[in-house]
There are 2 protein chains.
Amino acid sequence: MDTNVRHSSGLPANVLDPDCPSRVIFQRIGDKWASLVVQVLDDGPVRFSELRKMVSVVTPKVLTQTLRSLERDGLVTRTIHAQVPPRVDYELTDLGRSLLEPLAQLRKWAEGNVPAILAARDAYDDAQDEALLG
Amino acid sequence: MDTNVRHSSGLPANVLDPDCPSRVIFQRIGDKWASLVVQVLDDGPVRFSELRKMVSVVTPKVLTQTLRSLERDGLVTRTIHAQVPPRVDYELTDLGRSLLEPLAQLRKWAEGNVPAILAARDAYDDAQDEALLG
DNA sequence: AAAGACGGTATCTATTTGATACTGATAGCT
DNA sequence: AGCTATCAGTATCAAATAGATACCGTCTTT
């Protein structure tokens, strides 16, 4: 007996199944900004304007959308402080924090393989040029 | 002395730096289809039409774009067999395979947290409804 | 002769992302 | 009183991207 999470259909969660909610979740983690935001929030609560600087360069509209999604999915909390000028803090939930480690692995991979990937691109682009000039 | 990979600026690779190539790479891994394709290719070479079925539902245009990018970045090879009807196999490179583990972690997270996230969404949406109905 | 397999490309539309300007509440300065 | 600044966003419009759908060339099978 497997111990995988199952969804309403009774099937185990499977990212490759287009109807499995895990797929939507998986693709949302891969969102262009969401995963960066989560990583920035690692160091504790951050207010909107700070977040914008730390995740640069993201427009306020897109950052708002990203944060609303993260909040809806229970990864982030939004706290409004009754101050003037306003102060709104965003902070990771436990669920959000649980995502930090998988993300860190991916980040490490990305940062560690920059040279290999740039080299591959150069080789590919050169080959393309060759083919065209042939 | 740290052992991080550095890029041409001499700074260590850092996903949070908008000018660091690792950021582009990080965001490309998070591409809607690329990471699914890589996972499907875990079991060995797969041809185009098979891939389309396994990663459903992706249009041929988008799958082609995804595969070309993966090929350019050195994660995937494309092999044309001189047959009729044509056979084109896509296969992971060593670099591509090295991405499997970080991706598997993320996948596990996504699949394992489906219930928590769906519950958070329900709660959030209910709260929104409350606020609107006053 | 017609239809089908395969790996795409071409074309058009819908959705998403992004740039830029603006709002409302209040405090501090002149 | 009037001007400016801070902050957390919205509103509006343009640009880039993703997706739906139809089609192509080559050969084999019926």
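Order of the sequence lines sets the chain letters (A, B, ...), proteins ahead of strands, with each chain counted from 1.
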**OP:** Round to the nearest Å and state the distance from A:Ile80 atom CD1 to D:dG9 atom P.
**Re:** 7 Å
Sub-3.5 Å pairs of nitrogen or oxygen atoms, protein against nucleotides 19-28 of chain C:
none

Subject >> Rounded distance in Å - CD (A:Glu71) to P (D:dG9) >> reply: 10 Å
Original post:
Rounded to the Å, how far apart are A:Lys53 NZ and D:dC7 P?
Top reply: 7 Å
Original post:
What is the distance from CZ of A:Arg78 to P of D:dA8, rounded to the nearest Å?
Top reply: 10 Å
Original post:
Taking atom P of C:dG8 as reference, at what distance in whole Å does atom CG of B:Leu67 sit?
Top reply: 8 Å
Original post:
Atom CD of B:Gln65 and atom C1' of D:dA20: how far apart are they, to the nearest Å?
Top reply: 14 Å
Original post:
In whole angstroms, how far is the P atom of C:dT16 from the CG atom of A:Leu63?
Top reply: 18 Å
Original post:
Among residues 24-35 of chain B, which contact DNA chain C at a heavy-atom distance under 4.0 Å?
Top reply: none
**OP:** Please state whether the phosphate of D:dT26, meaning OP1 or OP2, lies under 4.0 angstrom from any side-chain nitrogen or oxygen of B:Arg87.
**Re:** no
Enumerate donor-acceptor pairs with a distance under 3.5 Å from any side-chain N or O in residues 32-46 of chain B to protein atoms, sequence neighbours excluded.
residue, atom, partner, partner atom, Å
B:Gln39, OE1, B:Arg107, NH1, 3.3
B:Gln39, NE2, B:Ser35, O, 3.4

Subject >> Rounded distance (Å) that lies between atom C1' of C:dC6 and atom CD of B:Glu50 >> reply: 12 Å
